[in-house]
Every structure is written in structure tokens, then in C-alpha cells.
Amino acid sequence: MTRSHNSSADMQKEQDVQHLADFVLFSQRSCILRLSPELTKGKVSFPQFFLLAYLAEEECLSMSNIAKMMGHSTAAATGMIDKLQELGHLKRYTAAADRRKIMVRITEQGRALVAQMRSNIAADLAQMMAREDETSPMGTARRVISRRAASARKNLV
């Protein structure tokens, strides 16, 4: 590749990154606003919801791993876990190998909440993307995502 082609490709990547950053900021704000009333009904905070979403992807996690992942002390994580357990969204139990170790697992009720919120987020994103024109940040992000996905598919073949 020539030097000018590399510079052009680098500039395109930088523009793509900026457009995707705009997309993430815009869509995140919109989705969080949509989540707020749903979470308020269930008395679940945003950090608690994000923890549930993470637990929905894992078999189980230790209290210390949860604290690290959330960037909280073990005491703060314990408070979050207590509240979510009280609401029936997760269960706490001792590890079989080391009874001192406390493990946490999401319940079906917790999975249902996460699934509903993900469904709401997907619907909101679909609505946002459908109403945006090609020159808006969302339209530009849609093109960037499509271009990157097509490139990734080519690399797989």
C-alpha cells in the first residue's frame, strides 16, 4: 500500500470511530431514558440492572468478582446483591468447594427483567435508526456499522 492510501484509510477509520462514538452517546442516552421508567417500577437501579444483565450472561459469580466488575467495595456490592435478592432477581449460595465463598446466580425472574429491558432497547434502537436520515449521526453510524460488518464477513470467507 502506498503511504497516501494508508493515510486515507487511517482518516476514514478515525471518522468511523467518531461517528460510532456519536452513535453510542446518542443511543445510550435514549435507551437509558427509556429504561428509567421500567426500572423505577421494579425498584431496580441502573447499576443493579447492569449487574443483572452481566449475571444473565454468566453461570454464577463470586461476590468478590462482582465487586471488582462493578468497581465497588465488597460491602457496596453486598448491598446491591441484598436488594436484588429481596426483589427475587437473584440468589446467593455458598460454593461447594469453599463454603466461605459466596456465589450469586440470577433467577428466572431476573432473566425475564433483563430480557424485557433488552427487548425495549432493541425496539428503541430500531425506531431511532428507522427515522434517521443518511446525513444524521445515526444514519452515518448505520453506514459505518454496515461497512464494518461487510468487511468482517469478507475476512471470514
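Residue pairs satisfying the salt bridge (charged side-chain N to carboxylate O under 4.0 Å, His left out) criterion with at least one member in residues 58-79, sequence neighbours excluded, are listed as follows: E59-R105.
In this structure, the separation between CG on L52 and CD on E57 is 12.0 Å, given to the nearest 0.5 Å. In this structure, the separation between NZ on K83 and CG on L51 is 14.0 Å, given to the nearest 0.5 Å. Once rounded to the nearest 0.5 Å, the distance linking CZ of F50 with CE of M80 reads 10.5 Å.
Hydrophobic clustering, with ILVMFWY side chains joined whenever heavy atoms are under 4.5 angstrom apart, keeps Y93 apart from I66. Two different hydrophobic clusters hold M103 and M70 under the rule that ILVMFWY side chains link at heavy-atom gaps under 4.5 Å.
With sequence neighbours excluded, the residues satisfying side-chain hydrogen bond (donor to acceptor under 3.5 Å, both in side chains) with R92 are D82, Q85. For S62, the side-chain hydrogen bond (donor to acceptor under 3.5 Å, both in side chains) partners are S64, N65, not counting sequence neighbours.
I81 pairs with exactly one of M63, K91, H89, Q48 by the side chain to side chain contact (heavy atoms under 4.5 Å, CB included) rule, that one being M63.
In terms of modelled atom types and a separation under 3.5 Å, the side chain of R111 and the main chain of A56 share a donor-acceptor contact. A side-chain donor-acceptor contact under 3.5 Å links T78 to the backbone of T74.
The heavy-atom pair separating L55 from L61 by the smallest distance is CD2-CD1, 3.6 Å.
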